[in-house]
Amino acid sequence: MRCEGESDRWLSVQRSDPNGSSVLLLLNFANEARAIPFDNPRALRLALFTDAAAYGGAAATPPAELDHTTTAVELPPESAAIYCDVVVD
């Protein structure tokens, strides 16, 4: 879990299990867009974005996939994004 300070109004939480599955939760509580930093050692795919058009949102969608070089994602005001492992068939 990472939060730089209460005044920044964002939170990032990354969890993994012993099998290697991982999920990244990014939350922007601010009333303006924020670049939310995180540590990312693996490829992740966007699973849910709360400001997506399907949920009545109007914001631009954050990146659909993150690679190991991505260190932050910009989220619109009062939104959240969940990223999960990229599954290779």
Side-chain angles (χ1 to χ4, degrees):
M1 182 165 47
R2 183 171 173 183
C3 180
E4 300 284 313
E6 193 172 317
S7 63
D8 290 329
R9 301 190 50 135
W10 60 262
L11 178 69
S12 69
V13 178
Q14 189 159 13
R15 300 285 301 171
S16 59
D17 68 20
N19 294 329
S21 295
S22 182
V23 66
L24 173 66
L25 170 63
L26 303 173
L27 300 147
N28 181 8
F29 299 107
N31 58 3
E32 58 191 35
R34 296 266 194 239
I36 310 209
F38 55 91
D39 298 323
N40 185 23
R42 61 192 328 151
L44 299 171
R45 179 172 290 148
L46 184 63
L48 176 77
F49 175 51
T50 61
D51 206 31
Y55 303 117
T61 303
E65 291 192 10
L66 308 177
D67 64 24
H68 70 280
T69 64
T70 309
T71 59
V73 169
E74 177 127 352
L75 290 181
E78 300 171 345
S79 66
I82 299 174
Y83 285 88
C84 298
D85 287 322
V86 173
V87 177
V88 178
D89 294 331

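What you see is a predicted model; the values in this text were computed from it and never measured.
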Is there a side-chain contact between Thr70 and His68, using heavy atoms and a 4.5 Å cut-off?
no
Compare every heavy atom of Tyr55 with every heavy atom of Thr50, then report the nearest pair and how far apart it is.
O-CB, 3.7 Å
Distance check, rounded to the nearest 0.5 Å: Leu75 atom CG versus Phe29 atom CZ?
11.0 Å
Over all atoms of both residues, closest heavy-atom pair of Ile36 and Leu11
CG2-O, 4.2 Å
Residues Thr61 and Phe49: closest non-hydrogen pair is CA-CE2, 3.9 Å
Correct closest heavy-atom pair for Pro63 and Leu46 would be O-CB, 3.9 Å
Using salt bridge (charged side-chain N to carboxylate O under 4.0 Å, His left out), reason through Arg45 and Asp85 one step at a time and then give a plain yes or no.
CA-CA 6 Å; Arg45 179 172 290 148; Asp85 287 322; over 6 Å; no
Can Leu24 and Leu66 be said to form a side-chain contact (heavy atoms from CB on, under 4.5 Å), step by step?
CA-CA 11 Å; Leu24 173 66; Leu66 308 177; 4.1 Å; yes
Please confirm whether the backbone N or O of Ser79 pairs with a side-chain atom of Asn28, one donor and one acceptor, at under 3.5 Å?
no
Are the side chain of Arg15 and the backbone N or O of Leu25 linked by a donor-acceptor pair below 3.5 Å?
no
Say you draw a straight line from CG of Leu26 to CH2 of Trp10; how long is it, rounded to the nearest 0.5 Å?
9.0 Å
Before you tell me yes or no, could you show the steps for Leu48 and Tyr83 under side-chain contact (heavy atoms from CB on, under 4.5 Å), namely the whole-Å CA-CA distance, both residues' side-chain angles and the distance that decides it to 0.1 Å?
CA-CA 7 Å; Leu48 176 77; Tyr83 285 88; over 6 Å; no
So, taking the atom named OG in Ser12 and the one named CG in Leu27, what distance separates them when rounded to the nearest 0.5 Å?
8.5 Å
Test item: side-chain donor near acceptor, Ser21 and Asn19, under 3.5 Å:
no
Indicate the atoms forming the closest heavy-atom contact of Asp8 with Arg34, along with that distance.
O-NE, 2.8 Å
Quick one: closest heavy-atom pair of Ser22 and Gln14, and the distance?
OG-NE2, 3.5 Å
